[in-house]
Amino acid sequence: MDDNEIIKLFSDRDESAIEQTRLKYGAKCMSVAFGILRNAQDAEEAVSDAYLSVWNSIPPEHPDIFPAYLFRIVRNQALMKLNFNNALKRRGVAVQLDELEECLPSEFDVEQAFDERQLSVLINTFLKTLPIQQRRIFICRYFAGLEYKEISKKLGIGLSRVKMSALRSREKLKELLIKEGYNE
């Protein structure tokens, strides 16, 4: 089933929309949530909450790119779950978000900034300018919440190359955000 058909099911309030979403994107949703939470039960709960959130938001929302919309909601649910759990050790996505904070002005809260549509569009546009391998590293690190070692293994490249690519991407993003008026 294609994404427009799934969105139509949500708009029509057809409960099979959730099942179709789970069938098509369930594994990736779990991967995103697990990458942040590092706990299967918490990840399942975050994904379930995300499905409910999508159900409640369509309509009136009509996302242009359904997977991006869905994964953003999954990521946000996982972040809320992570905050709720109030982990003593800051690991996983909290560390990655700290790395991205240096790109954003001080008055922005990173989690809120990622939710703002204008900034989201800007970051998506930025990602399209990156070479494919650099884009994959950025997405694995900052959206899927993978550790550098996991990215290195997954992409079959050296650890130092992964770290340097992430650093360069953050620097480019910071330059773009300053250019676009998101300066301190």
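Note that the coordinates shown come from a computational prediction; the quantities given were computed from them, not determined experimentally.
- Under the 4.5 Å side-chain criterion, counting only non-hydrogen atoms from C-beta, Tyr69 is not in contact with Asp64.
- Looking at Val74 and Tyr25, their side chains never come closer than 4.5 Å, going by heavy atoms from C-beta outward.
- The shortest side-chain heavy-atom distance between Leu9 and Met1 falls under the 4.5 Å cut-off.
- Between Arg38 and Glu150 there is a salt bridge, since at least one side-chain N of the basic residue sits less than 4.0 Å from a carboxylate O of the acidic one.
- Under the 4.5 Å side-chain heavy-atom criterion for grouping Ile, Leu, Val, Met, Phe, Trp and Tyr, Val47 is connected to Trp55 within one hydrophobic cluster.
- When side chains are defined from C-beta on, Lys24 counts as touching Asp3, because their heavy atoms get closer than 4.5 Å.
- What you find for Ala33 and Ala78 is that their closest heavy atoms are CA-CB, 4.1 Å.
- When the shell of 6.0 Å around CD of Gln41 is examined, it contains 12 or fewer heavy atoms from other residues, nucleotides or ligands.
- No side-chain heavy atom of Leu146 sits under 4.5 Å from any side-chain heavy atom of Arg141.
- Asp12 contributes no side-chain N or O that, together with a main-chain N or O of Asp14, makes up a donor-acceptor pair within less than 3.5 Å.
- Note that OH of Tyr148 and CE of Met164 are 10.5 Å apart. Values are rounded to the nearest 0.5 Å.
- The line from CG of Leu173 to CG of Leu127 is 8.0 Å long, rounded to the nearest 0.5 Å.
- One distance of note links CZ of Arg75 with CD1 of Ile36; it measures 7.0 Å at 0.5 Å rounding.
- One finds the CG atom of Leu176 at 7.0 Å from the CZ atom of Phe126 (value rounded to the nearest 0.5 Å).
- To the nearest 0.5 angstrom, Met80 atom CE is 11.0 Å from Glu45 atom CD.
- In this view, Ile65 and Pro67, Ala68 satisfy the side-chain contact (heavy atoms from CB on, under 4.5 Å) rule, not counting sequence neighbours.
- With contacts defined as side-chain heavy-atom distances shorter than 4.5 Å, the pair Glu44/Phe34 does not qualify.
- For the side-chain contact (heavy atoms from CB on, under 4.5 Å) test, residues two or more places apart in sequence or in another chain that qualify with Gln133 are Ile137, Ile157, Arg161.
- Separating the CZ atom in Phe71 from the CG atom in Asn76 is a distance of 13.5 Å, to the nearest 0.5 Å.
- For Ser53, the side-chain contact (heavy atoms from CB on, under 4.5 Å) test picks out Ile73, Gln77, with sequence neighbours left out.
- The side-chain heavy atoms of Arg135 and Ile139, taken from C-beta on, include a pair separated by under 4.5 Å.
- What you find for Phe66 and Thr21 is that their closest heavy atoms are CZ-OG1, 3.8 Å.
- With sequence neighbours left out, the side-chain contact (heavy atoms from CB on, under 4.5 Å) criterion links Gln134 to Leu130, Pro131, Ser165, Arg168, Ser169, Lys172.
- Taking the ring-ring contact (aromatic ring centres under 6.0 Å, His included) definition, one finds that Tyr51 meets it with nothing, sequence neighbours left out.
- In terms of heavy atoms, Ser152 sits closest to Gly158 at OG-C, 3.6 Å.
- Asp2 pairs by the salt bridge (charged side-chain N to carboxylate O under 4.0 Å, His left out) definition with nothing, not counting sequence neighbours.
- Closest heavy-atom contact between Lys81 and Asp42: CE-OD1, 3.3 Å.
- Closest approach of Leu159 to Lys149, counting heavy atoms only: CD1-N, 3.7 Å.
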